[in-house]
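Quick notes on the structure that follows.
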Amino acid sequence: MTLASRIKQEAQSALKQLYPDVTIELSMIGVNQTKPEFSGDYNIVLFPFLKLLRQKPDVIGKLLGDKLCEGSDLFGGYEIVSGFLNLSIKDSFWVQYLTANYTNSGYGLKENSRRVMVEYSSPNTNKPLHFGHLRNIFLGAAVSQILKNDGNEVIKANLINDRGIHICKSMIAWQQYGKGATPESTGTKGDHLVGDYYVKFNDAYKAEVAALIDSGVSEKIAEKEAPLMRGAQDMLRKWEAGDKEVRDLWHTMNGWVYKGFDKTYDKLGISFDKLYYESDTYLLGKQLVEEGLNKGVLFKKEDGSVWVDLKDDGLDEKLLLRGDGTSVYMTQDLGTAKLKYDDYHLDQSVYVIADEQNYHMQVLKAILKKMGEPCADGIHHLSYGMVELPTGRMKSREGTVVDADDMVAEMVRLAGEQTEQSGKTEGFTPEELSTLYETIGLGALKFYLLRVDPKKKMIFDPKESIDLHGFTATFIQYAHARICSILRKEHVPQQPDTNIFSGFRQTAELSLMERKIILALEEYTMILQDAANELNPSAVCNYCFQLAQLFNTFYADHSISKAESEEKKQLRLMIIIMTASVLRHGMNLLGIRLPEKM
RNA sequence: GGCCCGGUAGCUCAGCUGGAUAGAGCACCAGCCUUCUAAGCUGGGGGUCAUUGGUUCGAAUCCAAUCCGGGUCACCA
């Protein structure tokens with residue numbers, strides 16, 4: 001149990017004893033950390049009790065304070081300031097907490113039998129990953145880890161959008177302009193090569209449309225009749241009919257893309273437990289729609305198209321099958337949702353998808369619910385804001401996208417540059433240095449994209465690139481490296497598996513910073529809990545940064561090696577061991593490694 | 001226009017299940033390396049928490065309205 005909740009419960013039972021006739025709900029008891037300008041560690045707000053207890057805050061505060069402190073191993077004293085009961089936690093409690101926990105390597109792990117799927121990344125196979133995908137990927141991976149750490153069984157899934165008109169666009173452009181180019185013949189990463197032809201399609205198509213308009217055709221007709229567009233549509237029909245030549249080309253080009261993606265995922269340290277391909281699943285929804293029709297949940301219009309009426313849910317009518325019987329996006333998603341559920345019997349299915357699809361996801365869930373599908377309840381849209389440039393949204397057709405591979409390379413380069421500038425490369429082999437630069441560069445990138453509340457959109461200015469100072473992974477990595485340096489010097493293991501200071505006895509009072517850090521360490525499990533409940537990795541980012549900040553302040557005026565006594569030295573070693581361990585644990589959830597030297 | 005989301009320091013963001021004088025980072029200014037890593041630390045300036053009204057002992061936080069920005073409302077995905 002966390003300290004804050006223990007304080008709440010003790011306060012409740014103390015009030016029960018003091019005022020047996022009155023029931024005070026746990027939710028009425030506000031426990032907060034005391035602000036630095038007041039004495040004490042935690043406070044209880046007295047205002048909510050005034051009416052119920054019919055007494056002044058000073059009176060209630062005194063009774064409650066006395067009761068709580070009486071014979072307590074936890075509370076050492078209190079002070080009442082304008083309606084707040086400021087409670088001091090005994091040094092002995094903090095020390096006991098520290099000695100009992102500093103050898104931990106796991107935090108917040110609990111039994112939780114839920115089975116959860118997290119779908120993220122979900123790329124199209126017509127272009128390489130860009131900066132916006134990175135937010136999605138890091139979010140999905142971090143949320144998976146956070147949920148797993150919370151005791152859930154987590155299945156990391158990737159739904160690959162490998163078919164459709166957009167895929168045919170790069171295929172036809174390659175056919176017409178590629179001259180047999182392959183990743184090998186051009187030395188280009190496969191996903192980039194295919195992406196180049198997607199861009200080529202759009203350029204050439206635009207020119208075709210312009211030419212048609214010049215020759216007197218209306219814009220609408222021109223867009224439909226441009227030869228490239230007709231070619232792409234023709235190709236899609238052939239693909240659906242299973243045309244061998246088209247399928248072969250499709251296999252080949254997607255193969256190039258997958259090789260490229262694998263390289264990128266590998267570099268990012270990202271993996272999946274289950275891959276779904278839309279080419280396998282895109283027909284699945286149709287059967288579901290048939291069943292819905294039979295059940296009378298869906299209806300057919302005169303032209304044969306199938307619809308669902310969601311007006312009772314505050315939504316609209318939605319098309320599920322075209323008049324010609326072909327499926328739409330929603331149809332596919334219905335099928336995939338059911339497939340996921342049938343595959344794993346999920347308690348929860350998390351979709352990491354940008355907020356532009358909020359409505360779509362709402363409709364998806366509503367339809368499944370209406371059809372009585374058991375998968376409906378578990379569907380949860382982890383909606384995140386899109387990454388924008390200072391000039392607005394990234395547009396692949398306008399060439400304003402920031403490529404993911406380029407971005408990673410740039411960050412690693414920056415990490416190397418700064419390390420060399422500050423002259424910290426001594427004692428590293430070239431291999432160690434390149435690992436270090438990747439750890440720093442990639443860490444900075446991940447942290448930058450995870451530190452903001454997912455639901456908020458974010459603006460990224462490539463010109464300013466990403467800072468390695470302040471609220472960054474680098475800051476946290478640096479604090480960790482400093483701790484490791486001290487531990488090396490003192491010949492103390494980073495992660496002791498037994499209590500190496502079993503003889504420790506506390507006699508000296510804790511300093512302000514010593515107790516502040518232990519207090520922060522104690523909060524960690526609660527932070528993990530919140531992050532898991534909210535599916536919010538930014539909570540972990542904020543916490544780790546604050547902890548590193550506390551350590552740096554502590555470090556600035558507390559010597560460990562030359563502590564004033566052996567007792568203080570041991571105490572501080574335990575503090576920094578646990579601090580480093582918590583930082584590693586938290587950052588590991590975010591997919592960020594912490595170097596021992598930097 | 002309907003629905004959804006956002007608006008906090010010059011910039012990027014915390015804080016939002018109501019609690020004390022609203023916090024960080026960047027940028028700017030002034031200090032701190034003969035002492036465990038200065039990618040750090042200390043201090044300083046900088047705010048009408050979009051606006052107005054309401055609920056409350058107490059509102060950045062809850063409610064309503066308004067303004068501004070974005071998203072979405074396809075037989076696209």
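In what follows, chains are A, B, ... by sequence order, proteins preceding strands, each numbered from 1.
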Just call it for A:Asn161: base, sugar-phosphate, or nothing, with non-hydrogen atoms closer than 4.0 Å on any strand. sugar-phosphate
Mind checking the P distance from B:A59 to B:G54? Whole angstroms is fine. 12 Å
*With a non-hydrogen cut-off below 4.0 angstrom, is A:Lys597 in contact with a base, only sugar-phosphate, or nothing?*
base
Between A:Arg488 (side chain only) and A:Glu596 (backbone N and O only), is there a donor and an acceptor less than 3.5 Å apart? yes
A:Leu320 CG to B:A74 C1', in whole Å, measures 14 Å
Say you pick atom C1' in B:C62 and the same atom in B:G69; how far apart are they, in whole Å?
24 Å
Exercise. Can you check whether A:Tyr359 stacks with the B:G71 base, using ring centres under 5.5 Å and planes within 30°?
Worked result: no
Syn within 90° of 0, anti beyond: B:C33 is syn
Taken to the nearest whole Å, CE/A:Met411 to C1'/B:A39 is 13 Å
- Item | Greater than 12 external heavy atoms within 6.0 Å of A:Glu417's CD | yes
In whole angstroms, the gap separating P of B:U42 from CG of A:Leu550 amounts to 10 Å
Expected output: side-chain A:Arg322 to main-chain A:Ser305 donor-acceptor under 3.5 Å: no
Query raised in the report: Between the base of B:A39 and the side chain of A:Thr419, is there any donor-acceptor pair under 3.5 Å?
Result: yes
Contacts of A:Lys455 meeting side chain to side chain donor-acceptor pair (under 3.5 Å) (sequence neighbours excluded), chain-then-number -> A:Asp453
Out of B:A77, B:C36, B:C41, minimum distance to the side chain of A:Tyr329 belongs to B:A77
Do A:Asp467 and B:A39 have a side chain to base donor-acceptor pair shorter than 3.5 Å? no
**Message:** Check the phosphate of B:A39 against A:Tyr478, side-chain N and O only, distance under 4.0 Å to OP1 or OP2. Yes or no?
**Reply:** yes
Pairing string of RNA chain B (Watson-Crick or G-U wobble, both atom distances under 3.5 Å; | = paired to other strand) is ((((((((.[[[[.)...(...]]]].(((((.......))))).....[[[[[..)....]]]]])))))))....
**Report entry** Whole-angstrom distance between B:G31 and B:G47, as gauged at atom P
**Finding:** 24 Å
Euclidean distance for C1', B:A27 against B:U72 (whole angstrom)
37 Å
Judged by atom type as modelled, is there a donor-acceptor pair below 3.5 Å linking the side chain of A:Asn136 to the main-chain atoms of A:Val352? yes
Show each protein N/O and nucleotides 6-14 of chain B N/O combination with a separation under 3.5 Å, one pair to a line.
{"from": "B:G7", "atom 1": "OP1", "to": "A:Lys456", "atom 2": "NZ", "distance (Å)": "3.4"}
{"from": "B:A14", "atom 1": "OP1", "to": "A:Asp453", "atom 2": "N", "distance (Å)": "2.9"}
{"from": "B:A14", "atom 1": "OP2", "to": "A:Lys456", "atom 2": "NZ", "distance (Å)": "2.8"}

### Task
Would you check if there is a donor-acceptor pair between the side chains of A:Ser39 and A:Asn86 at a distance under 3.5 Å?
no
**Item:** B:G15 to B:G19 separation - C1' atoms, rounded to the nearest Å
**Value:** 13 Å
Worksheet entry | Exercise: do A:Arg593 and A:Gln477 side chains pair donor with acceptor under 3.5 Å | no
Need one value for A:Phe475: base, sugar-phosphate or nothing, where a base atom within 4.0 Å counts as base even if backbone is also close, heavy atoms only. sugar-phosphate
Contacts of A:Thr472 and A:Glu356 projected onto RNA chain B by closest heavy atom; the upstream (5') one is A:Thr472
Within residues 25-39 of chain A, the residues having a heavy atom closer than 4.0 Å to RNA chain B are A:Thr34, A:Lys35, A:Phe38
Tell me whether the rings of A:Phe131 and A:Phe460 are parallel (<30°), tilted (30 to 60°) or perpendicular (>60°). tilted
A:Arg488 atom CZ is separated from B:U37 atom C1', nearest whole Å, by 9 Å
In whole angstroms, the gap separating P of B:A20 from CD of A:Glu79 amounts to 17 Å
**Study point:** N or O in side chain of A:Arg163 less than 4.0 angstrom from B:A77 OP1/OP2
**Key:** no
Here the residues of residues 552-565 of chain A within 4.0 Å heavy-atom distance, strictly under, of RNA chain B are A:Asn552, A:Thr553, A:Tyr555, A:Ala556, A:His558, A:Ser559, A:Ile560, A:Ser561, A:Lys562
Distances under 3.5 Å between nitrogen or oxygen atoms of protein and nucleotides 58-61 of chain B:
none

Ring stacking, A:Phe545 with base of B:A24, under 5.5 Å and under 30°?
no
Any donor-acceptor pair under 3.5 Å linking the side-chain atoms of A:Tyr329 with those of A:Gln357? yes
- When the C1' atoms of B:U52 and B:C67 are considered, how many whole Å apart are they? 11 Å
Q. Quick one: do A:Asp58 and A:Lys56 make a salt bridge, cutoff under 4.0 Å?
A. no
_Strictly below 4.0 Å, N to O, side chains only: are A:Lys569 and A:Glu564 in salt-bridge contact?_
no
Notebook entry, point to check: Does NZ or CZ of A:Lys300 lie under 6.0 Å from the centre of the six-membered ring of A:Trp307, at an angle within 45° of the ring axis?
Noted result: no
From CE of A:Met361 across to P of B:C5 the rounded distance in Å is 16 Å
Atom CZ of A:Phe551 and atom P of B:A39 are separated, to the nearest Å, by 14 Å
Mind checking if A:Gln362 touches a base, just sugar-phosphate, or nothing, with heavy atoms under 4.0 Å? nothing
Check your understanding: C1' atom, B:U55 versus B:A9: distance in rounded Å?
Key -> 30 Å
Practice task
For A:Asp313, answer base if it contacts any base atom (sugar-phosphate contacts may also be present), sugar-phosphate if it contacts only those atoms, and nothing otherwise; contact means non-hydrogen atoms under 4.0 Å.
Solution key: nothing
query: Within the distance-only criterion (no hydrogens, no angle test), does the side chain of A:Arg572 pair as donor or acceptor with the backbone N or O of A:His558 below 3.5 angstrom?
result: no
- Message: With a 4.0 Å cutoff (strictly under), does any side-chain N or O of A:Arg322 reach OP1 or OP2 of B:C76?
- Response: yes
Practice task
If the plane angle is over 60° it's perpendicular, under 30° parallel, otherwise tilted; pick one for A:Tyr555 and A:Phe551.
Solution key: tilted
Can you tell me if the side-chain N/O atoms of A:His469 get under 4.0 Å from OP1 or OP2 in B:G40? yes
Report task. Would you classify A:Gly164 as touching base, sugar-phosphate or nothing, given that sugar-phosphate means primed atoms plus P, OP1 and OP2, and contacts are heavy atoms under 4.0 Å? Result -> nothing
Self-check item: Touch class at under 4.0 angstrom, heavy-atom based, for A:Val328 against every strand present
Solution: sugar-phosphate
In terms of relative ring orientation, are A:Trp239 and A:Tyr282 parallel, tilted or perpendicular, with 30° and 60° separating the classes? tilted
Exercise. Indicate the ring-plane relationship of A:Phe475 and A:Phe545, choosing parallel, tilted or perpendicular according to the 30° and 60° boundaries.
Key: tilted
Checklist entry - Around A:Lys224, counting heavy atoms of other residues, nucleotides and ligands shown, do more than 12 lie under 6.0 Å from its NZ? => result no
Taken to the nearest whole Å, CG/A:Leu159 to P/B:A77 is 14 Å
**Message:** Is the positively charged end of A:Lys62 above the ring of A:Tyr78, judged by distance under 6.0 angstrom from the centroid and angle within 45° of the axis?
**Reply:** no
Quick note, A:Glu278 side chain, CB onward, closest among B:G40, B:G71, B:A77 is B:A77
How far, in whole Å, is B:U12 from B:G7 if one measures between their C1' atoms?
14 Å
Is the backbone of A:Tyr198 close enough, under 3.5 Å, to the side chain of A:Asn202 for a donor and an acceptor to pair up by distance? yes
